[in-house]
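Letters A, B, ... are given to chains in the order of the sequence lines, protein chains preceding strands, and every chain is numbered from 1.
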Protein chains: 2
Amino acid sequence: MGNCGELWALWEPRGVWDMFLGEYEYNIDQKGRVAIPARFRDEFRGGLVVARGYDRCIVVYPLPEWQRMADKITSLPLTRQTSRRLSRATFASAYNLELDRQGRVIIPASLRDYAGIRDSAVIVGVHNCLEIWDKDLWAAEKSIMTEQAAEIAEAAEVAL
Amino acid sequence: MGNCGELWALWEPRGVWDMFLGEYEYNIDQKGRVAIPARFRDEFRGGLVVARGYDRCIVVYPLPEWQRMADKITSLPLTRQTSRRLSRATFASAYNLELDRQGRVIIPASLRDYAGIRDSAVIVGVHNCLEIWDKDLWAAEKSIMTEQAAEIAEAAEVAL
DNA sequence: CGTGAAGTGGGGAATTGTGGTGAATTGTGG
DNA sequence: CCACAATTCACCACAATTCCCCACTTCACG
């Protein structure tokens, strides 16, 4: 999605307790429903937003987190075409959803298609949001990460 | 100490509570539980984070330590794919856990698989975190260290 | 030995994952 | 504008898993 400004800068650091962590596998039923990991459901009680991720996955934000991003994007100058395109790409692909009583959401078909998700998905915690991946695509992404994690970390000058 | 021998912790000076030192062997039961060495449990009361290590092991951090690393990573721009990958590799492999009343944690299956851990593990103190190794892999790693300690130190360009 | 702490295993209760059924809602054609 | 089919929604039910607590055994130390 090209270079879309300093969106990251507005994300306030999350505490360890409400950080999204881990990797969880779920089935998707014929209705397109997928369960959100039980330990995260409270964060999404008041609503959530799903949207296209920059990579081939679906991102899931709690409402407050999404609001912050939205505010940042709407504050960009609409005179620039890149701003307008970013705005479209962000909002047009996004859906405001709610958990059902079992803690599931219905993922819109367009997003499922984009992410290549059929009947089995992996939900991944990435600090301040969740990502939903097709099982195979996630395996591929993960193997890339495994190979390159050390180099990437070194390049980013971050030490674990 | 029975079959949970304390192998290397001979020189550990009392009163150095903020440093993890030593090498301890534990069994892992069918539920994937492993005991944290009793002397370190206080550091982990109130939570801990386990994650994939860069080598074939699991790393265990107290919350404050983990928070510091998370902050470094979230300060990177998510507009870059390498940053997103590092973020994923870090957070997706991590789990926020708590000790049960016996001082054990349940290691998620994905991490056990990654580290090749089945029914017996070695817990190693590495200054500001613990590492959990499969017994055999740890033996191999240790023999490498034993043989090449001098070269390794030199390659790391550290003067002791 | 007696006592306490640590390592290990197990069992019952609560939670979670998952599929389904009937009511409400939407869209479409007459 | 109405009727009817198709879809969506909200809730129910059950199997499987996970969680939490208790119990036993071994070892260290008086």
Side-chain angles (χ1 to χ4, degrees), chain A residues 17 20-48 50 60 95-113 117-125 130 132-135, chain B residues 1-7 9-10 12 14 17 20-48 50 60 95-113 117-125 130 132-133 135:
Chain A
W17 287 112
F20 296 118
L21 300 175
E23 180 183 346
Y24 313 87
E25 191 177 330
Y26 290 95
N27 293 331
I28 295 188
D29 60 26
Q30 294 101 343
K31 302 179 181 179
R33 296 181 294 190
V34 63
I36 298 297
R39 67 186 58 172
F40 301 137
R41 285 176 195 167
D42 284 343
E43 294 266 342
F44 296 109
R45 285 290 166 202
L48 57 88
V50 297
V60 186
Y95 297 85
N96 188 347
L97 306 176
E98 287 190 20
L99 299 179
D100 67 11
R101 195 165 284 189
Q102 280 67 37
R104 295 172 292 190
V105 286
I106 301 180
I107 305 292
S110 62
L111 289 179
R112 263 179 292 157
D113 291 345
I117 293 174
R118 305 184 116 218
D119 45 13
S120 158
V122 178
I123 296 190
V124 179
L130 297 178
I132 305 178
W133 288 76
D134 169 67
K135 194 178 169 188
Chain B
M1 202 155 186
N3 47 353
C4 355
E6 182 178 334
L7 311 171
L10 311 170
E12 176 177 340
R14 260 297 66 107
W17 273 103
F20 298 117
L21 301 173
E23 177 181 347
Y24 313 86
E25 190 178 330
Y26 290 95
N27 293 332
I28 294 187
D29 61 28
Q30 288 121 339
K31 300 182 180 179
R33 296 180 294 192
V34 63
I36 298 298
R39 65 182 57 180
F40 299 139
R41 285 176 195 167
D42 284 343
E43 293 271 340
F44 296 112
R45 291 269 142 70
L48 57 87
V50 297
V60 185
Y95 297 84
N96 187 344
L97 306 177
E98 287 189 24
L99 299 179
D100 68 11
R101 198 164 282 189
Q102 280 69 35
R104 295 172 293 189
V105 286
I106 301 180
I107 306 291
S110 61
L111 289 179
R112 264 178 291 155
D113 291 345
I117 293 173
R118 307 184 116 219
D119 43 15
S120 153
V122 179
I123 296 188
V124 184
L130 298 178
I132 306 177
W133 289 77
K135 195 179 170 187

Round to the nearest Å and state the distance from [X] atom [atom1] to [N] atom [atom2].
X: A:Ile123; N: C:dT18; atom1: CD1; atom2: P; result: 10 Å
X: B:Ile36; N: C:dA6; atom1: CD1; atom2: P; result: 14 Å
X: A:Asp29; N: C:dG20; atom1: CG; atom2: C1'; result: 10 Å
X: A:Ile28; N: C:dT18; atom1: CD1; atom2: P; result: 10 Å
X: B:Glu25; N: D:dT26; atom1: CD; atom2: P; result: 18 Å

**Asked** Mind checking what makes side-chain hydrogen bond (donor to acceptor under 3.5 Å, both in side chains) contact with B:Arg112, not counting sequence neighbours?
**Response**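 By the side-chain hydrogen bond (donor to acceptor under 3.5 Å, both in side chains) rule, B:Arg112 matches no residue at all.
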**Partners passing side-chain hydrogen bond (donor to acceptor under 3.5 Å, both in side chains) against A:Tyr26 (at least two apart in sequence or in another chain)** =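 With neighbours one apart ignored, the set is empty.
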By salt bridge (Lys or Arg N to Asp or Glu O under 4.0 Å), which residues pair with [X], not counting sequence neighbours?
X: B:Arg118; result: none
X: B:Arg33; result: B:Asp29
X: A:Lys31; result: none
X: A:Glu98; result: none

**Request:** Using the closest heavy atom to pick a nucleotide of DNA chain C for each, name whichever of B:Gln30 or A:Asn27 lands nearer the 5' end.
**Result:**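 Nearest-nucleotide comparison on DNA chain C picks B:Gln30.
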**Request:** Report yes if a side-chain nitrogen or oxygen of B:Tyr26 is closer than 4.0 Å to either non-bridging phosphate oxygen (OP1 or OP2) of C:dG7; otherwise report no.
**Result:** yes
**Prompt:** Going by heavy atoms in the side chains, are B:Leu99 and B:Val105 under 4.5 Å from each other?
**Reply:**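 With C-beta onward as the side chain, the pair touches.
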**Asked** With pairs taken as Watson-Crick or G-U wobble and both distances under 3.5 angstrom, which stems of at least three consecutive pairs involve DNA chain D?
**Response** C:1-30 with D:1-30
**Asked** So, for A:Pro108 and A:Val50, which heavy atoms are closest and what is the spacing to 0.1 Å?
**Response** CD-CG2, 4.3 Å
**Complete:** In 5'-to-3' order, the base (B), backbone-only (S) or no-contact (-) status of each nucleotide in nucleotides 7-20 of chain D, using a 4.0 angstrom heavy-atom cut-off, is --BBBBB-----BB
**Asked** What nucleotide, of C:dG17, C:dG9, C:dG7, holds the atom closest to the side chain of B:Ala38?
**Response**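 When the side chain of B:Ala38 is considered, C:dG7 is the closest of C:dG17, C:dG9, C:dG7.
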**Message:** B:Phe44: which residues meet the ring-ring contact (aromatic ring centres under 6.0 Å, His included) condition with it, sequence neighbours left out?
**Reply:**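 For B:Phe44, the residues satisfying ring-ring contact (aromatic ring centres under 6.0 Å, His included) (neighbours in sequence not counted) are B:Phe20.
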